Asks: 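Mind having a look at this structure? Questions to follow.
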2 protein chains.
Amino acid sequence: MNRLPVAERREQLIEAALSVASREGIDGATVRAVAAEAGVSLGVVHYCFRDKDELLRAMAHTITERNLGRGVAEMPESAPARDLVLGVLEELWSNIRATRGPQLLTYELTTTSLRHPELRQVGVDQYVVSWAAAERFLEEVERAAGIVWRVPRHTVARTIIATIDGFSLAWLVDGDDDAAYQGLRLFAEHLASLAVPIDETAMLGTGTTAADEPAADVHPFAAPTVPAGVSALA
Amino acid sequence: MNRLPVAERREQLIEAALSVASREGIDGATVRAVAAEAGVSLGVVHYCFRDKDELLRAMAHTITERNLGRGVAEMPESAPARDLVLGVLEELWSNIRATRGPQLLTYELTTTSLRHPELRQVGVDQYVVSWAAAERFLEEVERAAGIVWRVPRHTVARTIIATIDGFSLAWLVDGDDDAAYQGLRLFAEHLASLAVPIDETAMLGTGTTAADEPAADVHPFAAPTVPAGVSALA
DNA sequence: GTCTATAGTTGGATAGAC
DNA sequence: GTCTATCCAACTATAGAC
């Protein structure tokens with residue numbers, strides 16, 4: 001009944017999709033369910049989106065977009081790397097804990113994207129955005145703590161995302177808050193141990209902020225981790 | 001046509017389910033598809049399994065059972081912790097790389113189990129088995145390397161599984177073998193750094209192999225050390 | 001723009017012949 | 001034990017009235 005410009009209707013439907021999918025799982029997010037959630041009839045959804053895939057893609061895009069927005073807001077001018085790392089991980093964790101459904105949904109989207117070529121880009125985008133956010137965080141820490149990382153930044157970024165994903169998934173299954181928290185704390189310590197004060201590396205003489213001293217066998221100059229055909233963050 | 005005892009038929013069907021699900025994804029593992037894969041007709045599957053859920057549960061059970069079997073085969077009588085850790089992670093990784101489909105399937109099973117109460121136990125079992133395997137491995141390392149871990153064993157075990165899951169998932173998406181390998185190497189170094197020679201802890205006088213001396217601030221109930229300026233990130 | 005009605009698929013589950 | 005035939009539910013997608 002209520003007439004709306006298409007753009008607004010789309011947003012409303014995306015929001016509805018997000019709600020249903022977070023609550024019922026990705027399989028529960030049928031076109032019908034989304035229409036019902038939004039309080040419109042079936043036809044409206046198909047008027048706003050070419051097909052279900054386009055709706056899902058739009059929904060996924062909104063999610064990653066928001067994850068990008070919720071990046072590192074402000075960082076102290078100067079603080080020890082350890083404190084910065086610990087602080088951000090704490091915050092990240094409390095955020096995850098507070099959003100079970102959406103969190104699970106992102107993993108459902110990842111696995112789904114791996115089985116459906118039409119959604120393939122969704123999974124790639126998720127990681128591109130996550131890794132980029134992690135790298136930005138690492139840069140901030142470098143600046144604020146006056147350090148560099150013992151291993152290439154992108155490797156550290158990838159490690160951060162992997163660890164958070166792994167602990168989150170396990171926590172979704174067993175719901176053990178303490179165990180997850182313990183694990184993340186331990187990881188934070190590890191992360192902090194990867195930071196080396198800039199003075200100590202000064203004598204190595206280099207302009208780049210990338211690490212020059214690899215850990216044992218971790219080679220610093222591995223090829224950059226940009227998957228082919230993933231130039232688009234947009 | 002070919003008459004078989006139910007038990008064998010069941011195994012055959014489970015095998016078929018495993019194949020289809022690994023290849024086409026969990027959604028592709030319909031009762032019909034499984035029947036086709038096994039070369040039997042639809043009715044047969046329903047004769048051997050009460051319903052689809054029971055088939056999926058049986059399939060999942062087979063997977064975790066095999067993961068349990070493929071535990072740490074042999075471990076040297078004596079070797080440095082670092083070598084042991086590196087060796088096992090290498091092997092684990094090459095195994096994952098060689099089994100994309102099944103690997104992805106386990107994650108699909110995890111997320112699916114989180115949305116369907118009837119399959120809830122599947123996800124729990126996956127982790128129980130994984131954690132147990134990791135703990136057994138850690139015990140072996142303790143013995144062979146003459147060390148104990150700086151943090152409770154179950155925390156380390158959980159970290160191992162989380163890290164492997166995280167890197168695997170990312171690798172499934174971007175297919176970057178090098179990046180995944182780099183990350184796991186770095187993790188191996190971290191793991192090795194958690195080992196402390198038994199001599200150094202002897203004076204602490206304790207019978208348990210669990211760590212009694214938490215790392216720096218990794219205390220179960222330590223208040224979050226969030227620097228003033230960082231809490232703004234929340 | 002929005003609705004109802006309906007076409008066309010797919011898939012779970014059962015009945016009953018063999 | 002195995003097969004064919006069939007029922008029924010749920011879903012995507014479209015057509016056409018309002």
Side-chain angles (χ1 to χ4, degrees), chain A residues 1-21 23-60 105 108-109 112-113 115-119 122, chain B residues 1-21 23-60 105 108-109 112-113 115-119 122:
Chain A
M1 288 297 186
N2 195 9
R3 303 214 157 197
L4 253 65
V6 225
E8 285 183 36
R9 190 57 93 190
R10 278 179 61 104
E11 294 209 12
Q12 180 198 359
L13 290 174
I14 290 174
E15 220 54 51
L18 220 39
S19 297
V20 190
R23 200 174 57 238
E24 318 265 356
I26 198 169
D27 290 339
T30 66
V31 179
R32 292 176 129 83
V34 172
E37 180 87 11
V40 301
S41 67
L42 191 55
V44 176
V45 181
H46 278 105
Y47 174 79
C48 295
F49 298 92
R50 212 169 55 78
D51 57 13
K52 191 191 175 183
D53 280 340
E54 194 179 297
L55 171 58
L56 282 187
R57 270 195 298 269
M59 184 191 73
L105 176 57
E108 292 182 283
L109 278 171
T112 302
S113 89
R115 295 290 191 189
H116 301 277
E118 327 83 67
L119 297 178
V122 167
Chain B
M1 288 294 184
N2 194 10
R3 302 211 159 199
L4 252 64
V6 227
E8 286 182 35
R9 190 57 93 191
R10 278 177 62 103
E11 293 210 11
Q12 180 198 0
L13 289 174
I14 290 174
E15 220 55 51
L18 221 39
S19 298
V20 191
R23 200 175 56 236
E24 318 266 356
I26 200 169
D27 290 338
T30 65
V31 178
R32 292 176 133 85
V34 171
E37 180 87 9
V40 300
S41 69
L42 190 54
V44 175
V45 180
H46 277 105
Y47 174 78
C48 295
F49 297 92
R50 214 169 55 78
D51 57 14
K52 190 190 177 183
D53 280 341
E54 196 180 294
L55 171 58
L56 282 187
R57 270 195 299 269
M59 184 191 74
L105 176 58
E108 291 182 285
L109 278 171
T112 302
S113 89
R115 294 291 191 188
H116 301 276
E118 328 83 67
L119 298 178
V122 166

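For clarity, every value in this text was computed on a predicted model and none was experimentally measured. In what follows, chains carry the letters A, B, and so on, assigned in the order in which the sequence lines appear, proteins first and then strands, with residues in each chain numbered from 1.
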Asks: With sequence neighbours excluded, give me every salt bridge (charged side-chain N to carboxylate O under 4.0 Å, His left out) pair touching residues 38-49 of chain B.
Replies: none

Asks: Distances for protein N/O vs nucleotides 13-17 of chain D N/O pairs under 3.5 angstrom?
Replies:
{"residue": "D/dA13", "atom": "OP2", "partner": "A/His46", "partner atom": "NE2", "Å": "3.2"}
{"residue": "D/dA13", "atom": "OP2", "partner": "A/Lys52", "partner atom": "N", "Å": "3.0"}

Asks: Going by atom type alone, with no hydrogens or angles, which donor-acceptor pairs under 3.5 Å involve a side-chain atom of residues 11-18 of chain B and a protein atom two or more places apart or on another chain?
Replies:
{"residue": "B/Gln12", "atom": "OE1", "partner": "B/Arg9", "partner atom": "NH1", "Å": "2.5"}
{"residue": "B/Gln12", "atom": "NE2", "partner": "B/Ala38", "partner atom": "O", "Å": "3.1"}
{"residue": "B/Glu15", "atom": "OE1", "partner": "B/Arg66", "partner atom": "NH2", "Å": "3.1"}
{"residue": "B/Glu15", "atom": "OE2", "partner": "B/Arg66", "partner atom": "NH1", "Å": "3.4"}
{"residue": "B/Glu15", "atom": "OE2", "partner": "B/Arg66", "partner atom": "NH2", "Å": "3.3"}

Asks: Mind calculating the distance between OH (B/Tyr47) and P (D/dT2) to the nearest angstrom?
Replies: 8 Å

Asks: Let me confirm one number: the CG-CD distance from A/Asp27 to A/Glu108, rounded to the nearest 0.5 Å.
Replies: 7.0 Å

Asks: Using whole Å, what does the distance between atom P of nucleotide C/dG12 and atom CD of B/Glu54 come to?
Replies: 15 Å

Asks: Output the rounded distance in Å from CD (B/Glu24) to P (C/dT10).
Replies: 14 Å

Asks: Measuring from the side chain of A/Pro5 (C-beta onward, heavy atoms only), which nucleotide among D/dG1, D/dT2, C/dG1 has the closest atom?
Replies: C/dG1

Asks: Using every non-hydrogen atom in the two residues, find where B/Val6 and B/Cys48 come nearest and quote the distance to one decimal.
Replies: CG1-SG, 4.2 Å

Asks: Can you check salt bridge (Lys or Arg N to Asp or Glu O under 4.0 Å) on A/Arg10 and A/Glu54, steps first, answer last?
Replies: CA-CA 11 Å; A/Arg10 278 179 61 104; A/Glu54 194 179 297; 3.5 Å; yes

Asks: What is the separation between atom CG on A/Leu4 and atom P on C/dC3, rounded to the nearest whole Å?
Replies: 11 Å

Asks: Nearest-Å distance, CG (B/Asp27) to P (C/dG11)?
Replies: 10 Å

Asks: Send over the distance from B/His116 NE2 to C/dG12 P, rounded to a whole Å.
Replies: 12 Å

Asks: Take atom CG of B/Asn2 and atom C1' of D/dG1, then tell me their distance rounded to the nearest Å.
Replies: 10 Å

Asks: For the side chain of B/Val40, starting at C-beta, report the closest nucleotide among C/dC3, D/dC3, C/dT2.
Replies: D/dC3

Asks: Report which part of the nucleic acid B/Thr30 touches: base, sugar-phosphate, or nothing (heavy-atom distance under 4.0 Å, all strands).
Replies: sugar-phosphate

Asks: Would you check if the side chain of B/Arg57 reaches a backbone N or O of B/Glu118 as a donor-acceptor pair within less than 3.5 Å?
Replies: yes

